[in-house]
Number of protein chains: 2
Amino acid sequence: MDTPAADGPPQQLVSDVFARACTSREAFEGVTSRWSSLVLLALAEGPHRFGELRRRVEGVSERMLAQSLRGLERDGLLLRADAGTIPPRVDYSLTPLGDRVATSLRVLADTLEAAVPSIDGSRLDFDSRPR
Amino acid sequence: MDTPAADGPPQQLVSDVFARACTSREAFEGVTSRWSSLVLLALAEGPHRFGELRRRVEGVSERMLAQSLRGLERDGLLLRADAGTIPPRVDYSLTPLGDRVATSLRVLADTLEAAVPSIDGSRLDFDSRPR
DNA sequence: GAGGGTACTAACTATTAGTTAGCGCTTCCT
DNA sequence: AGGAAGCGCTAACTAATAGTTAGTACCCTC
């Protein structure tokens, strides 16, 4: 942060995902990690309880789900609302930042879903090639 | 693919990232995996050679870079052009699909880069909270 | 002629993800 | 009334995956 007398456009991005120690890279890795991205996608459809997420995100274990939720909560992408009742009830919902992130992930997922035939073809071709 | 006589909008998405065995989920995981996403981001800035990518993507090992490149090539997201010369020269560039994917990742990265102060604050707050 | 760059790969180890079991409590089914 | 299932986790253990080190065969610069 050494911009002594910068009078250019309001804000300049000083953070860089390519930089190993940058918060944005850590957050990027957190967001794109296997289960977190799917959790965000699920929450983009509306608030969910723990068990609902577990069922929605096919194949996630309770351990990984809990871990992903903690990470996303820590980065301020989602809100955890513990009703404090018995039996327990905890609701998860996206913050505005989480919603923006989830929106980009949705675009990505849509692109990939639409490209499935192309991808399948490419894989077949690649795998049939020698070496 | 069981849409016997659908006459609605041209194409309907039948693939679902939430489904464990779906190609789109596999591709999604491939694309969002730790190094692949960074490689795509780097290639979005233009074609790169192996060594250039290695230097651009801070912290990647040659093994992981090679592995990521194979995966992305297999899914048809990038093109590998081996000059066949000695010393070796291999150029990597994005396909149209890879470019679309990289664009979404760029949006995601921009969002996160801009949110760094917010994320740092959230982390500090989260970590200072008891338990 | 020593050192570094080219694009990798094989073998080994550290880290991380996944599995299993359990917690105290409630509600449903019989 | 007894048993099973669901709730939201967590600890301990194991399987998978990521990262590290070293090596390849050749070239160019100092």
Side-chain angles (χ1 to χ4, degrees), chain A residues 18 20-21 25-40 42-43 47-75 78-93 126 129-131, chain B residues 18-21 25-40 42-43 47-74 78-93 126 129-131:
Chain A
F18 290 112
R20 209 182 333 202
R25 164 120 156 217
E26 283 171 38
F28 188 79
E29 286 176 0
V31 156
T32 57
S33 72
R34 184 160 189 192
W35 302 113
S36 297
S37 49
L38 293 173
V39 166
L40 288 171
L43 289 179
H48 284 69
R49 297 181 58 178
F50 187 90
E52 290 170 347
L53 286 171
R54 177 150 173 43
R55 283 184 294 270
R56 182 79 180 106
V57 180
E58 224 179 271
V60 73
S61 66
E62 300 189 339
R63 182 195 199 274
M64 293 315 292
L65 179 55
Q67 206 169 95
S68 300
L69 289 168
R70 283 297 113 72
L72 293 171
E73 187 195 0
R74 187 171 109 99
D75 284 358
L78 60 77
L79 252 34
R80 190 186 110 103
D82 187 341
T85 56
I86 280 178
R89 179 191 175 101
V90 183
D91 286 278
Y92 293 94
S93 58
F126 184 91
R129 254 144 50 200
R131 283 246 84 234
Chain B
F18 289 112
R20 210 183 331 203
R25 166 121 155 217
E26 282 170 38
F28 188 80
E29 287 176 359
V31 155
T32 58
S33 72
R34 184 161 189 192
W35 302 112
S36 297
S37 51
L38 259 18
V39 166
L40 288 171
L43 289 179
H48 283 69
R49 299 181 58 179
F50 187 89
E52 289 171 347
L53 285 172
R54 176 149 174 44
R55 283 184 294 271
R56 182 82 181 104
V57 180
E58 225 179 88
V60 73
S61 66
E62 299 190 339
R63 181 194 198 273
M64 292 316 292
L65 180 55
Q67 205 168 97
S68 301
L69 289 168
R70 284 296 114 71
L72 293 171
E73 187 195 0
R74 187 171 110 99
L78 60 77
L79 251 35
R80 189 185 112 103
D82 188 341
T85 57
I86 280 178
R89 177 188 178 104
V90 183
D91 286 277
Y92 293 94
S93 57
F126 184 90
R129 255 145 49 199
R131 279 254 74 236

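All chains are named by letter (A, B, ...) in the order of the sequence lines, taking the proteins before the strands, and each is independently numbered beginning at 1.
- The interatomic distance linking A:Leu38 (CG) with C:dA17 (P) rounds to 14 Å, in whole Å.
- Within the 4.5 Å cutoff, no side-chain heavy atoms of A:Val90 are placed close to those of A:Leu69.
- Side-chain contact between B:Arg25 and A:Leu38 is present, with at least one heavy-atom pair separated by less than 4.5 Å.
- The residue B:Arg34 sits close only to the backbone: its heavy atoms come under 4.0 Å of sugar-phosphate atoms, none of a base.
- Spacing between atom CG of B:Leu65 and atom P of D:dA18 amounts to 14 Å, rounded to whole angstrom units.
- Note: CD (A:Glu58) to P (C:dG18) measures 14 Å, nearest angstrom.
- Judged by closest nucleotide on DNA chain C, B:Gly51 is the one of B:Gly51 and A:Ser33 placed further toward the 5' end.
- One can place CE of A:Met64 at 12 Å from C1' of C:dT15, the figure rounded to the nearest angstrom.
- At least one side-chain heavy atom of B:Gln67 sits under 4.5 Å from a side-chain heavy atom of B:Met64.
- Remark: P of D:dA16 and CD of B:Glu29 are 16 Å apart, rounded to the nearest angstrom.
- Between A:Arg55 and D:dC7 there is a side-chain polar atom (N or O) within less than 4.0 angstrom of OP1 or OP2.
- Each of A:Pro87 and A:Ala66 was assigned the nucleotide of DNA chain D with the nearest heavy atom; the assignment lying further toward the 5' end belongs to A:Pro87.
- Toward the 5' end of DNA chain C, the nearer of the two residues A:Pro88 and B:Arg70, judged by each one's closest nucleotide, is B:Arg70.
- Distance, A:Leu69 CG to D:dG8 P: 11 Å, rounded to whole Å.
- Going from atom CG of B:Asp91 over to atom P of C:dA7 covers 8 Å, rounded to whole Å.
- Within the 4.5 Å cutoff, no side-chain heavy atoms of B:Leu65 are placed close to those of B:Val57.
- OP1 or OP2 of D:dG19 has at least one side-chain nitrogen or oxygen of B:Trp35 nearer than 4.0 Å.
- Side-chain N/O atoms of B:Arg49 include one lying less than 4.0 angstrom from OP1 or OP2 on C:dA7.
- Rounded to an integer number of Å, the gap from B:Arg63 CZ to C:dA10 P is 10 Å.
- Proximity of B:Glu52 to B:Tyr92: side-chain heavy atoms (C-beta onward) are nowhere separated by under 4.5 Å.
- Mapped onto DNA chain D by nearest heavy atom, B:Gly59 and B:Ile86 fall at different nucleotides, with B:Gly59 at the one closer to the 5' end.
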